[in-house]
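Read through the structure below, which is laid out as structure tokens, and then see the notes.
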Amino acid sequence: MSMTVDAALKEAMAVEGAIGAALVDYSSGMSLGAISTTKELDLTVAAAGNTEVVRAKMRTMDMLKMNDTIEDILITLGRQYHLIRPLGTRTGAGLFLYLALDKTRGNLALARHQMRHVADEIEL
């Protein structure tokens, strides 16, 4: 079952503790869609900033000649988890899903599972 971008973001936001989700093009840093439950998290800024994180990790993997793919990148803050999941599908090349999660309400293992599911089902 494939999902639209909007449906995929809503599904990502269904994770307990989710405070924001976006689908981002890391070649441009532009968000293709975003949903947030708070004004405190500017998803436009988060999309652009996390683009740099993804690019840096990909450059590092190239320099190390690692023939592998990134499943996800986790950034742990004092009160939040930020989860980045590059899309591995042919149509999703160059895109990543981003999820911000409240640490006190969220379950990181469930969030990773949900992001993997959404990344596999999104239709572009």
Side-chain angles (χ1 to χ4, degrees):
M1 181 187 104
S2 59
M3 319 179 211
T4 65
V5 171
D6 286 342
L9 293 174
K10 285 178 185 155
E11 188 143 335
M13 288 296 290
V15 172
E16 182 70 27
I19 56 176
L23 179 64
V24 183
D25 178 333
Y26 62 79
S27 60
S28 68
M30 298 294 294
S31 174
L32 304 180
I35 301 176
S36 178
T37 61
T38 177
K39 298 263 186 257
E40 294 174 31
L41 181 64
D42 185 333
L43 287 172
T44 304
V45 173
N50 285 305
T51 290
E52 295 304 317
V53 172
V54 173
R55 286 180 188 162
K57 187 60 194 171
M58 295 218 175
R59 272 194 311 272
T60 302
M61 288 174 59
D62 282 346
M63 288 187 291
L64 293 171
K65 296 181 179 20
M66 296 178 80
N67 186 20
D68 210 344
T69 57
I70 299 170
E71 282 188 11
D72 53 42
I73 298 169
L74 172 64
I75 300 167
T76 306
L77 305 176
R79 294 187 307 262
Q80 296 175 0
Y81 293 120
H82 289 211
L83 191 57
I84 298 166
R85 183 158 189 103
L87 299 187
T89 61
R90 184 181 52 77
T91 60
L95 303 177
F96 67 87
L97 278 168
Y98 166 72
L99 179 69
L101 199 61
D102 180 293
K103 235 174 149 175
T104 59
R105 295 185 304 121
N107 178 314
L108 185 57
L110 286 175
R112 288 187 70 217
H113 175 76
Q114 186 74 350
M115 289 289 278
R116 180 173 37 253
H117 170 72
V118 170
D120 289 346
E121 296 297 323
I122 196 165
E123 178 96 2
L124 302 168

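Position 1 is the first residue of the sequence; numbering continues from there. What you see below is based on every heavy atom in this structure, not just the backbone, and it leaves out hydrogens, waters and symmetry mates.
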Measure across [X] and [Y] and return the closest heavy-atom pair with its distance rounded to 0.1 Å.
X	Y	answer
Y26	L95	CE2-N, 3.7 Å
F96	V54	CD2-CG2, 3.9 Å
L41	A100	CD2-CB, 3.5 Å
M115	A12	SD-CB, 4.2 Å
G106	L101	CA-CG, 4.0 Å
V5	G33	CG1-CA, 4.5 Å

Joint cluster assignment, [X] & [Y], ILVMFWY side-chain distance < 4.5 Å:
X	Y	value
V118	L32	yes
I75	L97	no
I84	L99	no
L108	Y98	no
I122	L83	yes

Margin query: One pair to check against side-chain hydrogen bond (donor to acceptor under 3.5 Å, both in side chains): D25 and S27. What are the steps and the verdict?
Written below: CA-CA 6 Å; D25 178 333; S27 60; 2.5 Å; yes
Spell out, as yes or no, whether a donor-acceptor pair under 3.5 Å connects the side chain of [X] to the backbone of [Y].
X	Y	answer
Q114	E11	yes
S36	I19	yes
D102	R105	yes
K57	I70	no
R85	I73	no

Next item on the list: Would you sort out whether V24 and T51 count as a side chain to side chain contact (heavy atoms under 4.5 Å, CB included), showing the intermediate values?
Entry: CA-CA 8 Å; V24 183; T51 290; 3.6 Å; yes
Checklist line | Working for side chain to side chain contact (heavy atoms under 4.5 Å, CB included), residues M3 and H117 | finding: CA-CA 11 Å; M3 319 179 211; H117 170 72; 3.8 Å; yes
Notebook entry, point to check: Counting heavy atoms not belonging to M30, are there more than 12 under 6.0 Å from its CE?
Noted result: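 Counting other residues, nucleotides and ligands, CE of M30 stays at 12 neighbours or fewer.
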Margin query: Go through it in stages, so that I can follow the logic: the residues are K103 and T76, the test is side chain to side chain contact (heavy atoms under 4.5 Å, CB included), and I'd like the CA-CA distance, side-chain angles, deciding distance and then a yes or no.
Written below: CA-CA 9 Å; K103 235 174 149 175; T76 306; 3.5 Å; yes
Next item on the list: Could you tell me whether the side chain of E123 reaches within less than 4.5 Å of the side chain of T4, counting heavy atoms only?
Entry: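 No, side chains not in contact.
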Notebook entry, point to check: Any side-chain heavy-atom pair from L110 and E16 closer than 4.5 angstrom?
Noted result: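 Of all side-chain heavy-atom pairs linking E16 with L110, none is under 4.5 Å.
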Next item on the list: Find the distance between NE2 (H82) and CG (L74) and round it off to the nearest 0.5 Å.
Entry: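 If we round to the nearest 0.5 Å, H82:NE2 and L74:CG are 10.0 Å apart.
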Margin query: Do the side chains of D72 and R112 get close enough for a salt bridge, i.e. N-O under 4.0 angstrom?
Written below: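 Salt bridge present between D72 and R112.
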